[in-house]
Amino acid sequence: MIRDVLAEAVRSALVGLGVQPPGAVELERPARREHGDWSTNVALTVAKAAGRKPRELADALAARLQAAPPTHVSAVEVAGPGFVNFRLRDSWLHDILGDVVEQGEDRYGRHDLGAAERVQVEFVSANPTGPLHVGNGWWGSYGDALARVLIRCGYQVSREYYVNDTGGQIRSLGESLLAIRRGAPVPESGYQGAYVAELARAYNGPDDEVAAGRWAAERNLADIRETLAAMGIEFDEWFSQASIEESDAVAETIALLRERGLVFEDDGAVWLRTADFGDPRERRVLVKSDGEFTYLAGDLAYHRDKFLVRGYDRVIDVFGADHQGQVDSLLAGVEALGVERGRLEIEIGQMVSLVSGKMSKRAGNFVPLRDLIDDLGPDVTRLLSLLTSLDSAPLLDLDKVRATSHESPVYYVQMAHARIAGIGRTARDRAIDRLPLEQVDLSLLVHERELEVLRSLSELPDVVLGACVDRAPHRVATWVRELADRFHGFYHDCWVIGEGVSPELTQARLWLVEAARIGLAIGLGLLGVHAPERM
RNA sequence: GCCCCCGUAGCUCAAUUGGAAAGAGCGACGGACUUCUAAUCCGUCGGUUGCAGGUUCGAGUCCUGCCGGGGGCGCCA
């Protein structure tokens, strides 16, 4: 990689100047073209330790690098407070093109960071007390895209959905159903909304809250599976909470905690001492005074199963902000089980709001995810959610999204891919075959539009890695849109096939188009968005 | 009251995790179709990054304090 070449050159130049180089020489792509193709701030960072002025050190460094320029480098310049900027010949981008097509869709932008570490990503896990809402779709897109990014970075990933198919909420759901059936008002703490009434109408089972609740939960879960499938989200495992509670897992988990001297009794309840594990509350109930396990007890049993039974090296739980209250106790409890801190990560997705009002499952005025998918299609729904960071609480104006859906970023990106396919069809129609890359003169690619496409492609490996390390798949979405943007510019200004384009240039551009196709396919694949051949 | 997230162009969001002169899309205005799809491209307008301090070569980004918004603080799940 060019970065390594430059870093090594900088390192040895520093040594030559009698300056101790830092652990890692940082090389970045300047935001502005005037600042060259690559840049290092190393003169700024080591100046103080070296007892030299940044600018003066940068000058000396640049002079040394200029004297024996690394591959592709045409000029080394000093700018600003002491940045050393590298200007590269276009050949470095032609090499990128070669890398992309040689490694292809399967290998370009792939990393072995994970070293086959086994990671479980648990996401959605919405309670089967009703249909999924828009927020579930957003966090679901996130979880699925994160899983894809992790896989591309060498992790062995399993996607899991924790089905909360037990406990008071199921009973409460059953109560609501039965109340509606006998024409009574739904209890205050119950579930409202049209879907409950519909379920009540369909239910003809016994007059028992739990039975009715279970029946409704099953119906809801089927609906949830179907909705997720419509979005292209597949899980490797649907893990039932009931299966945990019906086994001895909870009791075993408490026994393990007791062995570790962290369990005590008070007020007729059984408690876990969490103070030493970063929990501000210091203690949590595991067994209520009525003898029932708490949700936390079940959750810890579940996480014990993840780490200690199934042996995942790392678990990433994706929660909505409405479950933030679980975070401290869960992190503390898992550590109390003897799982090193850091192996459990919890990502919190902020609430999605709609201009028409907030979503609340109990109030029953939410927009079901299903409606959004039917309305916009899965691709729009996914890309829309993946264009924003998990930390921002998005505001969706449904009318506006619907009205402008034909000019959404999705179609913009997909059209770039379709245009590429269109070029392929034209080439086939005119019997133009791509020659082997070695026989093609890539140095003909000098148009700014062509170079911009290649610059984007050169960034993909870094983007994927950054998205993985920071658990931020939305960066892939941002990147894909940029690549599409540059491709459209190229498409507009640079004809590939036809009169006025020499056969040699057509060949070079056909390979450029192929590289762009590979980049788009990789990016869209990581996002779970289709890459259509035509629109 | 305490904890988490956020505050960036009229609107919706980015910003290589501390880099140089903060970028896109939508909206507004003005241009470009005889050739691979104009679902596209080009240009213009638009900013005290909520406010005030601090850290340093350098802050939208880190620290402190305010202001504002969202979420969370059960022997519910």
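Here is how names work: the chains are called A, B, and so on, in the same order as the sequence lines, proteins then strands, and each is numbered from 1.
Nucleotide C76(B) holds its P atom 17 Å from the CD1 atom of Ile170(A), rounded to whole Å. Rounded to an integer number of Å, the gap from Tyr295(A) OH to G74(B) P is 16 Å. Computed from coordinates, the Lys53(A) NZ to C57(B) P distance equals 14 Å when rounded to whole Å. Counting to the nearest Å, the P atom of C6(B) and the CD atom of Glu347(A) are 12 Å from each other. Between Leu383(A) atom CG and G25(B) atom P there is a gap of 15 Å when expressed in whole angstrom units. Spacing between atom CG of Leu386(A) and atom P of A24(B) amounts to 22 Å, rounded to whole angstrom units. The CD-P distance, from Gln324(A) to G70(B), rounds to 15 Å in whole Å. Here C73(B) presents its C1' atom at 13 Å from CD1 of Ile348(A), a figure rounded to the nearest Å.
His35(A) comes within 4.0 angstrom of a base, heavy atoms only. At the heavy-atom level, Ala427(A) lies nowhere under 4.0 Å from the strands shown. At a threshold of 4.0 angstrom between heavy atoms, the contacts of Gln326(A) include nucleobase atoms, whether or not backbone atoms are also involved. When heavy atoms are screened at a 4.0 angstrom cut-off, Arg419(A) is found touching the sugar-phosphate backbone but no base atom. Residue Met415(A) is classed as a sugar-phosphate contact, given heavy-atom separations below 4.0 Å to backbone atoms only. At the heavy-atom level, Arg509(A) lies nowhere under 4.0 Å from the strands shown. Asn41(A) comes within 4.0 angstrom of a base, heavy atoms only. Within 4.0 Å of Gly466(A), counting heavy atoms only, lies no atom of the nucleic acid at all. Within 4.0 Å (heavy atoms only), Asp397(A) reaches no atom of the nucleic acid at all. Within 4.0 Å (heavy atoms only), Gly498(A) reaches no atom of the nucleic acid at all. Using a 4.0 Å heavy-atom criterion, one finds that Pro54(A) contacts no nucleic acid atom at all.
A stem is defined here as three or more consecutive Watson-Crick or G-U pairs, each with both distances under 3.5 Å; for RNA chain B these stems are B:1-7 with B:67-73, B:10-13 with B:23-26, B:28-32 with B:40-44, B:50-54 with B:62-66.
Using a distance-only test at 3.5 Å, with no hydrogens or angles considered, no donor-acceptor pair links the side chain of Arg534(A) to the main chain of Ala421(A).
Not a single ring pair (Phe, Tyr, Trp, His ring centres under 6.0 Å) links Tyr142(A) to another residue, sequence neighbours left out. In this view, His488(A) and Tyr412(A) satisfy the ring pair (Phe, Tyr, Trp, His ring centres under 6.0 Å) rule, not counting sequence neighbours. Legend: residues meeting side chain to side chain contact (heavy atoms under 4.5 Å, CB included) with Pro30(A), ordered by chain and number and at least two apart, are His35(A), Ser39(A). With sequence neighbours left out, Arg273(A) forms a side-chain hydrogen bond (donor to acceptor under 3.5 Å, both in side chains) with no residue at all. Listed by chain and number, the residues in a side-chain hydrogen bond (donor to acceptor under 3.5 Å, both in side chains) with Asp266(A) are Arg283(A) (sequence neighbours excluded).
Between Ala416(A) and Ala484(A), the closest heavy-atom pair is CB-CB, 3.9 Å.
No aromatic stack links Phe83(A) and the base of G19(B), using centre distance under 5.5 Å and interplanar angle under 30°.
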(request) May I have the step-by-step check of side-chain contact (heavy atoms from CB on, under 4.5 Å) for Arg214(A) and Val210(A), ending in yes or no? (result) CA-CA 6 Å; Arg214(A) 286 202 177 136; Val210(A) 174; 3.9 Å; yes

(message) Test side chain to side chain donor-acceptor pair (under 3.5 Å) on Gln326(A) and Ser329(A); report intermediate values, then the result.
(response) CA-CA 6 Å; Gln326(A) 292 167 226; Ser329(A) 59; over 6 Å; no

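For Asn85(A) and A20(B), a side-chain-to-base donor-acceptor distance below 3.5 Å is present, hydrogens and geometry of angles not being considered. For Ser172(A) and A77(B), a side-chain-to-base donor-acceptor distance below 3.5 Å is absent, hydrogens and geometry of angles not being considered. A donor and an acceptor atom never sit less than 3.5 Å apart when one is taken from the side chain of Gln350(A) and the other from the base of G71(B).
Pairs of residues two or more places apart, or lying in two chains, that qualify as side-chain hydrogen bond (donor to acceptor under 3.5 Å, both in side chains) and include a residue from residues 459-474 of chain A are Arg3(A)-Asp462(A), Arg29(A)-Asp462(A), Glu345(A)-Arg471(A), Asp470(A)-Arg475(A).
For His492(A), the listed nucleotide lying nearest its side chain is C41(B); candidates were C41(B), A77(B), A14(B). Among U40(B), A20(B), G19(B), the nucleotide with an atom closest to any side-chain atom of Leu44(A) is G19(B). In the set A39(B), C57(B), A20(B), C57(B) carries the atom at the smallest distance from any side-chain atom of Lys48(A). Proximity note for Arg430(A) (side chain, C-beta onward) versus A77(B), C75(B), C36(B): the nearest is C36(B). Relative to the side chain of Thr45(A), the nucleotides G19(B), A15(B), C36(B) differ in distance, and G19(B) lies closest.
Only at 4.0 angstrom or more do the heavy atoms of residues 328-336 of chain A sit from any atom of RNA chain B, so none qualifies. Using a 4.0 Å cutoff on non-hydrogen atoms, the parts of residues 19-29 of chain A near RNA chain B are Glu28(A), Arg29(A), ordered by number. For the segment residues 276-291 of chain A, residues with any heavy atom less than 4.0 angstrom from an atom of RNA chain B are, sorted by number, Arg281(A), Val285(A), Lys288(A), Ser289(A).
Contact of the Ile423(A) side chain with the Tyr491(A) side chain is registered, since non-hydrogen atoms from C-beta on lie closer than 4.5 Å.
There is a side-chain donor-acceptor pair under 3.5 Å between Ser456(A) and Arg486(A).
Where Phe293(A) and Glu34(A) meet RNA chain B, the nucleotide closest to each residue was compared, and Glu34(A) sits on the side nearer the 5' end. In terms of position along RNA chain B, the nucleotide closest to Ile423(A) lies nearer the 5' end than the nucleotide closest to the other residue of the pair Arg449(A) and Ile423(A).
Salt bridge Arg517(A)/Glu514(A): present, at least one basic N to carboxylate O contact under 4.0 Å.
Aromatic pair Phe239(A)/Tyr161(A): centroids not less than 6.0 angstrom apart.
Across the C1' atoms, G46(B) and G53(B) are found 30 Å apart, a figure rounded to whole Å.
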Atom pairs, N/O to N/O, protein against nucleotides 44-49 of chain B, distance under 3.5 Å?
none

Quick test: give all pairs of protein nitrogen or oxygen and nucleotides 8-13 of chain B nitrogen or oxygen below 3.5 Å, distance rounded to 0.1 Å.
residue	atom	partner	partner atom	Å
U12(B)	O3'	Leu395(A)	O	3.4
C13(B)	OP1	Leu395(A)	N	2.6
C13(B)	O2'	Leu387(A)	O	3.3

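Regarding contacts with the backbone of A38(B), every side-chain N or O of Tyr411(A) stays at 4.0 angstrom or more from both OP1 and OP2. Considering only side-chain N and O atoms, His417(A) lies nowhere under 4.0 angstrom from the phosphate OP1 or OP2 of A39(B).
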